[in-house]
Amino acid sequence: MTIQTTLFSFVNRWECDENDHLNVQFYFGRFEEADRQFRLLSGLSETLVGARRVRHVRFHQEMRMGDLITVHSTIAFDGPHMLTVIHEMRDGTTGTLTATALDGYEPSANSAKTLRQRFKGFQASMIADAAPRGIPAGPANQRSTVPALESKGARIAYRGTVLPRDIGIDGKADDRFVLSCCTDGVAHVWQRTPMNHTYLTDNGYGRVAAEMKLTWVTPLKTGDMVTVLSGFTSVGPKTFTMRHHVFESRTNRLAATVDVVALTMDLKSRTAVELPQEAFQSINQMLID
């Protein structure tokens, strides 16, 4: 088998957000667990391929309370990274593809042939549905600073603390923690636009992420304070992008960035709606890139 079944799970009521679907932090948490299982099955490790550079997630269908979750994982050498691990999340009842994650690694070019041979039993071709669409595949700018971002118009959207429950098995804050900071702060980012809380409530709309990319820069540990600075990076007729920068607050050390493709969803039809013209203009005037 070249594609491994790496997760069996379930959408709990307490994991669903105000849009009545699985919150993005728990998608990342499921992919993190699937990756641990895949590493055990395949023997993949940082010793062989280096540290993961990005985790790039696309959301294809909503997962609602009570849905069964399965994840299948494989390695692709024809993906957007020198070595790409692909995770496919599906509805365990219908088999519908609900989300994909690409984990990007850049091992030494000299090791490519050896790695292909070592992982020949765990390989598949790149899955087109998982390919980056609205966000570039590579890591985000890892040299961003607080003063530079503030000078471009980025603003604080969240402050918090890394607690023991946020730590993974490697002793560092996990993906879910970073995503939870961003999802808690993102409503304050939308509030800067005409698509504020009142507008969304009055129209029966929700805030939705269609694609996200997490880039770790430096680790976070228990007790670290974090500050998230966020700003808009592009805007189109139905979608816009933003970037969250997660800093360790005492030293203003950049820990991670999260790029997001966002859209407005009609909560009755569960479909994307066009941005109002005033929102398009407002976001276009606040771009930090």
Side-chain angles (χ1 to χ4, degrees), residues 23-25 28 51-57 104 106 132-163 166 172-197 207-221 223-236 239-264 275 278-289:
N23 186 271
V24 295
Q25 64 180 291
F28 274 77
R52 187 188 80 208
R53 303 182 77 205
V54 299
R55 172 161 285 153
H56 198 137
V57 174
E106 295 295 332
R133 188 171 179 179
I135 304 171
N141 181 4
Q142 300 182 33
R143 297 185 178 182
S144 298
T145 65
V146 171
L149 289 168
E150 289 180 334
S151 71
K152 295 178 180 180
R155 291 164 53 187
I156 294 174
Y158 178 85
R159 292 185 185 273
T161 306
V162 182
L163 301 176
D166 303 315
K172 305 171 186 176
D174 58 17
D175 288 5
R176 189 208 58 77
F177 169 74
V178 169
L179 269 294
S180 72
C181 297
C182 297
T183 57
D184 282 356
V186 73
H188 297 275
V189 182
W190 280 67
Q191 196 69 8
R192 302 173 196 169
T193 79
M195 298 180 297
N196 56 28
H197 181 75
R207 296 176 289 264
V208 175
E211 187 173 353
M212 305 182 84
K213 180 180 69 178
L214 168 62
T215 304
W216 277 102
V217 182
T218 57
L220 293 167
K221 64 182 187 303
D224 282 346
M225 305 284 187
V226 298
T227 303
V228 179
L229 269 74
S230 305
F232 302 102
T233 51
S234 72
V235 61
T239 65
F240 58 96
T241 61
M242 67 182 79
R243 182 175 299 131
H244 304 288
H245 307 80
V246 182
F247 288 92
E248 187 278 313
S249 303
R250 291 188 178 92
T251 63
N252 282 341
R253 165 177 57 88
L254 183 63
T257 62
V258 178
D259 287 280
V260 184
V261 176
L263 57 85
T264 305
L275 304 182
E278 58 268 30
F280 180 94
Q281 294 172 348
S282 173
I283 293 171
N284 196 47
Q285 292 172 0
M286 292 188 285
L287 301 182
I288 62 172
D289 268 5

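One-based numbering along the sequence shown. Computed from a predicted model, the values in this text were never measured in an experiment.
Within the 4.5 Å cutoff, the side chain of L220 has heavy atoms near those of the E248 side chain. Using a 4.5 Å heavy-atom cutoff, the side chains of V258 and F28 are not in contact. The shortest distance between side-chain heavy atoms of M286 and T193 falls below 4.5 Å.
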Applying side chain to side chain contact (heavy atoms under 4.5 Å, CB included) to V226 and Y158, what does each step give before you reach the verdict?
CA-CA 8 Å; V226 298; Y158 178 85; 4.2 Å; yes

Under the side chain to side chain contact (heavy atoms under 4.5 Å, CB included) criterion, do R192 and I283 qualify, and how do the steps go?
CA-CA 9 Å; R192 302 173 196 169; I283 293 171; over 6 Å; no

Side chain to side chain contact (heavy atoms under 4.5 Å, CB included) between V186 and M242, worked out
CA-CA 9 Å; V186 73; M242 67 182 79; 3.7 Å; yes

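Remark: E278 engages no residue in a salt bridge (charged side-chain N to carboxylate O under 4.0 Å, His left out) (not counting sequence neighbours). R159 meets the side chain to side chain donor-acceptor pair (under 3.5 Å) test with T227; sequence neighbours excluded. Not counting sequence neighbours, H245 has no partner by the side chain to side chain donor-acceptor pair (under 3.5 Å) test. Taking R155 as the reference, nothing meets the side chain to side chain donor-acceptor pair (under 3.5 Å) condition, with sequence neighbours excluded. Under the ring-ring contact (aromatic ring centres under 6.0 Å, His included) criterion, F232 pairs with F240, not counting sequence neighbours. Applying the side chain to side chain donor-acceptor pair (under 3.5 Å) rule to T241 yields the partners T233, S234; only residues at least two apart in sequence or on another chain are considered. Scored by the side-chain contact (heavy atoms from CB on, under 4.5 Å) test, N196 finds Q191, T198, Y199 as partners (sequence neighbours excluded). Here K152 pairs with nothing under the salt bridge (charged side-chain N to carboxylate O under 4.0 Å, His left out) rule; sequence neighbours left out. Among residues two or more places apart in sequence or in another chain, the side-chain contact (heavy atoms from CB on, under 4.5 Å) test is passed with R207 by E18, A187, W190, L200. Taking the side-chain contact (heavy atoms from CB on, under 4.5 Å) definition, one finds that N141 meets it with R143, S144, sequence neighbours left out.
With values rounded to the nearest 0.5 angstrom, R250 atom CZ is found 6.5 Å from D224 atom CG. For the atom pair CG (D259) and CG (L214), the distance works out to 9.5 Å, reported to the nearest 0.5 Å. For the atom pair CG (L275) and CE (M195), the distance works out to 5.0 Å, reported to the nearest 0.5 Å.
Identified under the side chain to side chain donor-acceptor pair (under 3.5 Å) test for residues 279-289, with sequence neighbours left out: R243-D289. Residue pairs meeting the side chain to side chain donor-acceptor pair (under 3.5 Å) criterion with at least one partner in residues 209-220, sequence neighbours excluded, are H56-E211, D175-W216, T218-R253.
For the pair A209 and V260, the tightest heavy-atom approach, listed with the atom from each and the gap, is CB-CG1, 3.9 Å. Listed here is the closest heavy atom pair of V54 and A137: CG2-O, 3.8 Å. Summarising the geometry of T161 relative to F177, their closest heavy-atom pair is O-CE1, 3.8 Å, with the distance given to 0.1 Å. Nearest heavy-atom pair across I288 and G231 is CD1-CA, 3.8 Å. Here the closest heavy-atom approach between residue S230 and residue V228 is recorded as OG-CG1, 3.6 Å. In this structure, C182 and H244 approach most closely via the heavy-atom pair SG-CB, 3.5 Å.
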